[in-house]
Enquirer: 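So that we are looking at the same thing, I have put the structure below in structure tokens.
Note: hydrogens, waters and symmetry copies are ignored here, and every other heavy atom, side chains too, is used. Start at 1 and go down the list; that is how both ligands and their atoms are numbered. Just so you know, residue 1 is the first one in the sequence shown, and it goes up from there.
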Amino acid sequence: MAKAESESAGTDNESRLSEAEIAVHWKEEKVYYPNPRFVGQANLTDPTVKDRFAEKNFPECFREYADLLTWDKYWTTTLDTSKAPFWKWFVGGKLNVSYNCVDRQLEKNRNKAALIFVSEDEAEPPVAVTYQDLYIRVNEMAALLRDFCGLKTGDRVTIHMPMVAELPITMLACARLGVIHSVVYGGFSGEACGSRIADSGSRILITIDGYYRSGKVIDHKANADIAVRKAQEDGTKVEKVLVWKRFRDKSASATPMVEGRDFMVNDVLKQFAGKLVDPVSMPAEAPLFLMYTSGSTGKPKGCQHSTGGYLAYVTGTSKYIQDIHPTDVYWCMADIGWITGHSYIVYGPLALAATSVIYEGVPTYPDAGRVWRIAERLGVNIFHTSPTAIRMLRKLGPDEPKKYHYRFKSMTTVGEPIEPEAWKWYYEIVGQGQAVITDTWWQTENGGFLCSTKPAMDPMKPGSAGPPMLGIYPIIYDEKAKEIPAGAGKAGNICIRNPWPGIFQTIWGDPDRYVATYYSKYNTNKNSTDWHDWPYFAGDGATWAADGYIRILGRVDDVINVAGHRLGTKEIESACLTVPEVAEAAVVPIVDPERGRVPEVYIALKPGVKATPAEVSAKVTLAIETVIGKIARPRVVRVVPDMPKTRSGKIMRRVLAAISNQMDYGDITTLANPEVVEQIRVQVQGAGPVVKKTAPEDIKAFGADV
Ligand code: WT7
């Protein structure tokens with residue numbers, strides 16, 4: 001956590017700002033208005049909605065979201081705060097999530113595609129799973145989980161699977177029984193999976209033999225053996241490993257099955273053919289799933305999400321922000337192994353009877369046109385992705401979208417602040433200047449969006465997430481809990497003053513850490529049962545413009561403190577991207593004897609750039625000085641062949657910061673491109689042996705959240 005007062009070397013008045021008051025140097029962008037054709041068909045255009053969700057109507061305003069669901073029993077208390085900050089929504093209500101996402105769609109949409117699975121192998125045609133198919137398959141899987149595995153309501157199951165249709169089928173089968181699923185991102189290692197199995201106490205692991213990634217078949221079953229061993233070391237015995245088959249006619253894994261422990265799901269399912277399982281009517285506040293996320297310190301946190309509040313929130317936001325109608329073909333390119341995929345590939349879209357696309361592979365396989373070909377082939381009209389993917393697609397094929405005949409009505413970006421440069425490419429080239437963009441700010445802990453424009457009602461402003469969502473009342477505090485008002489031109493710690501239905505319920509097995517991490521910072525009375533006393537601390541720096549738009553600057557632990565001025569890494573990176581040759585930029589802090597920390601910049605160039613590294617470096621430095629000021633001047637700009645990236649495409653600033661600061665860069669085995677790390681290390685540190693120094697805590701923690 002940031003200290004109250006700056007301790008850096010500069011001591012003029014300006015540098016004595018509290019650490020929450022991050023210097024803000026973004027220039028205001030012009031706004032863009034939604035296309036009238038979009039507005040004409042949008043789900044949310046009624047101007048009275050703002051009043052209905054105003055604070056005076058809280059918490060009852062969220063009935064509007066909950067009423068989108070089918071309840072077995074209507075709730076009696078909308079929000080129970082008696083155990084604050086452990087919130088309970090829609091208390092007394094009962095419902096089943098799989099019923100809401102599957103069974104209730106049969107009447108009107110039985111033969112409509114619920115899911116379309118797109119193999120990475122372009123020779124394999126897309127496979128549509130209709131709502132009727134989904135109903136049958138979820139029921140059979142639920143029967144297997146109940147009768148073959150002995151699972152019952154409240155048990156936990158770990159699912160370590162890639163992007164295949166069997167993943168949502170498995171999740172919905174769990175939900176049908178009230179079994180709590182914990183999906184571990186398929187790209188995580190067996191070890192990472194094992195520690196999450198142990199933390200959640202899962203006796204059953206569900207996996208798959210293999211899948212396509214960048215043109216190769218990955219032996220995924222191999223991870224299961226490692227996971228089971230690791231879970232055992234951490235004290236949890238996995239009784240059964242269920243292995244789905246990726247291919248009908250061949251095995252995708254050379255790893256042997258363990259007799260008595262491992263079972264091929266496709267074989268066992270034959271015993272349950274046609275079997276129907278009554279959906280278990282669950283209390284609204286029963287847990288639906290766990291989703292692990294990393295903090296800057298400590299082990300991953302199992303964020304526990306609820307049944308009724310969560311489903312209401314993702315359904316409401318999918319309808320009004322994603323603008324999903326049952327006739328839409330919706331493609332969110334995130335991975336279901338992250339919260340975005342849970343909320344906005346599976347639960348929200350299916351609760352609204354949409355068609356949700358599941359793409360197995362990497363967006364640029366086999367070439368930069370793949371994404372746009374999928375959109376064209378399936379008639380995708382709502383597209384949802386991340387700034388990282390946008391930058392990557394822009395880097396590899398800036399004009400590629402123009403070659404294909406798809407038409408998006410709306411597009412979303414999520415996960416990190418988007419630089420106006422990248423935003424404009426998304427808008428002009430991908431969206432052909434027609435599609436609206438929603439920049440949605442939220443976190444694993446939040447269940448669904450916290451800030452975004454209402455697509456038919458609010459203008460878009462590149463680089464700003466937009467106003468708070470309906471029924472969300474943020475506040476920006478400095479380190480001393482003083483409010484930084486909208487229009488102050490200063491940044492601070494963004495908090496949400498009120499609970500909302502999608503907020504997580506606790507950290508699995510660690511309620512104290514839940515309170516300490518998210519609520520103690522600005523709570524003044526720990527015995528209070530009044531929600532007003534419990535602002536939710538998001539851990540992001542943000543600034544609130546006079547027009548009501550919120551700009552997220554990144555994690556508060558990802559900022560660089562230069563001579564008492566905190567500079568958002570994102571704003572420096574955004575400046576770098578204004579240089580036409582630059583495809584990607586990453587900024588890390590390095591220790592500087594005079595100024596405390598100074599930025600060091602890593603740059604990857606667009607293909608075919610003629611300028612020399614020295615020329616680009618000079619341009620980048622000038623761009624930073626011009627856009628932000630000399631205070632942000634990088635010590636050095638390094639042009640590198642590629643950025644180290646996670647398999648979900650995030651740049652690993654932690655690794656770059658370690659290299660720049662002569663630290664051990666730690667475990668890089670889960671990266672998409674570990675080989676590039678050594679190349680960069682040699683470029684920065686020379687060819688000799690790895691130098692290792694110890695670094696201050698903030699440098700060690702930098703970028704650790706990725
Ligand atoms: C952190 C949460 C739930 C979305 C996927 C990531 C950053 C997320 C935005 C955005 C600026 C964003 C924040 C946040 N973030 N969306 N639209 N603009 N920053 O979930 O892994 O829990 O990460 O991602 O820093 O705290 P996550």
Enquirer: Please tell me if the side chains of V371 and Y359 come closer than 4.5 Å, counting only heavy atoms from C-beta onward.
Expert: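 Result no, sub-4.5 Å side-chain heavy-atom pair not found.
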
Enquirer: With atoms numbered from 1 as shown, which atoms in ligand 1 lie under 4.0 angstrom from a non-hydrogen atom of T340?
Expert: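 Once the distances to T340 are compared, the set is 4 (C), 5 (C).
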
Enquirer: So H305 and F504, would you call those rings parallel, tilted or perpendicular, with 30° and 60° as cut-offs?
Expert: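 Judged by the thresholds at 30° and 60°, the geometry between H305 and F504 is tilted.
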
Enquirer: Numbering the atoms of ligand 1 from 1, which are under 4.0 Å from a heavy atom of P417?
Expert: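 Listed by number with element: 11 (C), 18 (N), 19 (N).
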
Enquirer: If only side-chain N and O atoms count, and only distance matters, is there a donor-acceptor pair under 3.5 Å linking Q322 with T412?
Expert: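 Their side chains do contain a donor-acceptor pair, which is all the 3.5 Å distance test asks for.
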
Enquirer: Compute the shortest N/O to N/O distance between K650 and ligand 1 and return yes if it is under 3.5 Å, no if not.
Expert: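 No.
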
Enquirer: One residue to check: A465. Relative to ligand 1, which of side chain, backbone, both or neither has a non-hydrogen atom less than 4.0 Å away?
Expert: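 Near ligand 1, A465 shows nothing, with every heavy atom at 4.0 Å or more.
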
Enquirer: Which residue from R551, E416, H342, Q443 reaches closest to atom 9 (C) of ligand 1 through any of its heavy atoms?
Expert: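 Of the listed residues, E416 has the closest heavy atom.
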
Enquirer: Less than 3.5 Å between some nitrogen or oxygen of T293 and one of ligand 1, yes or no?
Expert: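 Looking only at distances, the answer is no, because the N/O contact criterion of under 3.5 Å is not met.
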
Enquirer: Compute the centroid of each ring, for Y185 and then for Y292, and state whether the two points are separated by less than 6.0 Å.
Expert: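 For Y185 and Y292, the ring centres are not under 6.0 Å apart.
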
Enquirer: Give the numbers and elements of all ligand 1 atoms closer than 4.0 Å to a heavy atom of I339.
Expert: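 Per the distance check, 3 (C).
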
Enquirer: Below 3.5 angstrom, do we get any N/O pair linking D439 and ligand 1?
Expert: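 Yes; the residue has a nitrogen or oxygen that sits under 3.5 Å from a nitrogen or oxygen of the ligand.
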
Enquirer: Is any side-chain heavy atom of W441 less than 4.5 Å from a side-chain heavy atom of P417?
Expert: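 The answer is no; the side chains never approach within 4.5 Å.
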
Enquirer: What I want to know is whether T440 and ligand 1 share at least one N or O pair that is separated by under 3.5 angstrom.
Expert: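 The answer is yes, given that T440 and ligand 1 share an N or O pair closer than 3.5 Å.
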
Enquirer: Counting heavy atoms only, which of G415, S452, G448 is nearest atom 6 (C) of ligand 1?
Expert: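 Looking at heavy atoms only, G415 sits closest to atom 6 (C) of ligand 1.
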
Enquirer: Have Y313 and S343 got a donor and an acceptor in their side chains that come within less than 3.5 Å?
Expert: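 Y313 vs S343: no donor-acceptor pair found between side chains.
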
Enquirer: D540 to ligand 1: N or O pair under 3.5 Å?
Expert: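 Yes, D540 has an N/O under 3.5 Å of an N/O on ligand 1.
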
Enquirer: State yes or no: are the ring centers of F53 and F62 separated by less than 6.0 Å?
Expert: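 Judged by ring-centre distance (under 6.0 Å), F53 and F62 do meet the cut-off.
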
Enquirer: Is any side-chain heavy atom of S318 less than 4.5 Å from a side-chain heavy atom of Y344?
Expert: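 Counting from C-beta outward, S318 and Y344 do come under 4.5 Å.
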
Enquirer: Need the ligand 1 atom indices (1-based, order shown) with element for anything under 4.0 Å from a heavy-atom of V414.
Expert: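 The atoms of ligand 1 under 4.0 Å from a heavy atom of V414 are 4 (C).
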
